[in-house]
2 protein chains.
Amino acid sequence: MKDGPDISIIAALIGDPARANILTALMSGKALTASELASEAGVTLQTASSHLSKLENASLIRVRKQGRHKYFTLGSEDVAHVLEALMGLAAGTGRLRTRPGPRDGAMRHARVCYNHLAGAMGTRMYDSLMVRDFLRHDGDMLHLTTSGQEFVAQLGLDLQSLPSPRTRLCRDCLDWSDRRSHLAGRLGRGLLAHFETLGWIRRVPKSRVIEYSKEGQKLFDRAFPIA
Amino acid sequence: MKDGPDISIIAALIGDPARANILTALMSGKALTASELASEAGVTLQTASSHLSKLENASLIRVRKQGRHKYFTLGSEDVAHVLEALMGLAAGTGRLRTRPGPRDGAMRHARVCYNHLAGAMGTRMYDSLMVRDFLRHDGDMLHLTTSGQEFVAQLGLDLQSLPSPRTRLCRDCLDWSDRRSHLAGRLGRGLLAHFETLGWIRRVPKSRVIEYSKEGQKLFDRAFPIA
DNA sequence: TTCATGGTTCGACACTAACCGAAGCATTGG
DNA sequence: CCAATGCTTCGGTTAGTGTCGAACCATGAA
């Protein structure tokens, strides 16, 4: 009575601590090399190699060769979606929640979810775009309205310049911290990169945390007001 | 560099085939006994008992004793959400997709997702409610508008009678078949039950498939038109 | 060519956990 | 009271796999 696709193979892959660490590290959206991932996962290079080949085989991750390095990224945004969903569940049911460290607060405030903005600032942006009708839900299809397109252009982001036009422009993703939606998809990715080039935000090295500059926070708050 | 909650323990639990089968079976929303789940999973009663205690320990499932039976259900809707996300990923990346059996088509058309309506009919209902502004997105908070409340009352469903008012009334959930949102939460649960009492739908035993009666399909289409 | 670095493959070890048989509780029904 | 049913616990076997040392390939630099 197996109804629906087989879950267990994928779940088993995520189920190993080393591999889970690898995937979580890749949630930063950065392309990381095998050695970096090995140290992230706390295993030697050989075992990491074994894990990576398995993950790639199931296309949970994607590889890009470059010189004598191999750069790994998550296989798709769906993978990131599953990981965030799992984090939400773990945060809720995980009784033995590691007590919130200093970094945890920063994570809740602003972090990168694979390649877009998440955390309180992420949901703030999403909400602000929604109430001004720049972003609209159509069934499930989330799309940018014409006034939204003007707004984005006004921010200085060129929609045409966004890469890989085959994928969805807007997509919503819900995060484990405040259980609200934030903006993913090509636009979400583009906006995050744009904020970085504008100098509003800065990514804390070796983590998913995002720091706002003083000026950046002010401008962000002005650009994305809430009622 | 473990950022975020620990995923691997939960994923490992779902990663065992027997447990995955158990959880998938519970996606039907029905409360099942230990022996039923054992046969679903294809293991003996003893091993099933072991699995069930582990799942309950992690509160992925919930138990209710009744006489000399123990009835199991999923722990929360978040668990169902994770499972559906995993199914979506498995359907997409799983190269060795078992070719669609006869039941697969029925599953895509209408099935139960834990306790609410999913599949093509599920997304149709969702879309229809959205375009008529009976349901509205507010940031992430999905809520029923006043005209929506009238509509629901007109269908013959008493909102006050819905159980467990502590949980959310509306919630969206996206399914693995057509990658669109459908309605979950207390209202989604209530509507599914209502359709059943109206005789519009019938649940195929021992599966998650939902069958429409001829008359039921007609009335459903009329109640939830699409552009 | 020689060296160094990044990554893979092989083999062996150890540890976990899934599995079932058999016995043990608990509840219901006669 | 005894019998039957539903489930749990215990013990021992077995299979799988995560782990690392060591040797092996490939690329780039000196």
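To find a chain, count down the sequence lines: A is the first, B the second, and so on, and within it residues start at 1.
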In chain order, what residues pass the side chain to side chain contact (heavy atoms under 4.5 Å, CB included) check against B:A80, with sequence neighbours excluded?
B:M27, B:L74, B:Y114

Which residues pass the side chain to side chain contact (heavy atoms under 4.5 Å, CB included) test with B:L157, sequence neighbours left out?
B:V152, B:L162, B:L187, B:L191, B:H194

Mind checking what makes side-chain hydrogen bond (donor to acceptor under 3.5 Å, both in side chains) contact with [X], not counting sequence neighbours?
X: B:E196; answer: none
X: B:E215; answer: none
X: A:T47; answer: none

Taking only distance into account, with no hydrogens and no angle test, what donor-acceptor pairs under 3.5 Å do side-chain atoms of residues 28-37 of chain B form with protein atoms, sequence neighbours excluded?
residue	atom	partner	partner atom	Å
B:S28	OG	B:A25	O	3.0
B:S28	OG	B:K30	N	3.3
B:T33	OG1	B:E36	N	3.3
B:T33	OG1	B:E36	OE1	3.3
B:E36	OE1	B:T33	N	2.8

So that I can tick it off, tell me whether [Y] and [X] are bridged by a salt bridge, with the cut-off set at under 4.0 angstrom between side-chain N and carboxylate O.
X: B:D78; Y: B:R171; value: yes
X: B:K65; Y: B:E56; value: no
X: B:E40; Y: B:R19; value: no

With salt bridge (charged side-chain N to carboxylate O under 4.0 Å, His left out) as the test, would you mind laying out the steps for A:R189 and A:E77 before giving the verdict?
CA-CA 11 Å; A:R189 182 164 48 231; A:E77 302 210 9; 3.0 Å; yes

In whole Å, what is the span from the [atom1] atom of [X] to the [atom2] atom of [N]?
X: A:L45; N: D:dC25; atom1: CG; atom2: C1'; answer: 14 Å
X: B:L37; N: D:dG6; atom1: CG; atom2: C1'; answer: 13 Å
X: B:K70; N: D:dT9; atom1: NZ; atom2: C1'; answer: 13 Å

In dot-bracket notation, what is the pairing pattern of DNA chain C, taking Watson-Crick (N1-N3 plus N6-O4 or O6-N4) and G-U wobble (N1-O2 and O6-N3) contacts under 3.5 Å, with [ ] crossing and | for other strands?
||||||||||||||||||||||||||||||

Using a 4.0 Å heavy-atom cut-off across all strands, classify A:S53 as base, sugar-phosphate, or nothing.
nothing

Atom pairs, N/O to N/O, protein against nucleotides 27-29 of chain D, distance under 3.5 Å?
residue	atom	partner	partner atom	Å
D:dT27	O2	A:R68	NH1	3.2

With A:H116 via ring pair (Phe, Tyr, Trp, His ring centres under 6.0 Å) - residues at least two apart
A:H182

Would you tabulate the pairs of protein nitrogen or oxygen atoms and nucleotide nitrogen or oxygen atoms of nucleotides 13-21 of chain D closer than 3.5 angstrom?
residue	atom	partner	partner atom	Å
D:dG18	OP1	A:R19	NH2	3.4
D:dG18	OP2	A:R19	NH1	3.4
D:dG18	OP2	A:K54	NZ	2.7
D:dT19	OP2	A:H51	NE2	2.6
D:dC20	OP2	A:T44	N	3.2
D:dC20	OP2	A:T44	OG1	3.3
D:dC20	OP2	A:T47	OG1	3.4
D:dG21	N7	A:Q46	NE2	3.0

Measure the shortest side-chain to side-chain distance between A:L155 and A:L198 over non-hydrogen atoms and say whether it is less than 4.5 angstrom.
no

At a 4.0 Å cut-off to heavy atoms of chain B, the contacted part of DNA chain C spans C:dA18 to C:dT28

Just jot down the salt bridge (Lys or Arg N to Asp or Glu O under 4.0 Å) partners of B:E211, sequence neighbours excluded, or say none.
B:R202

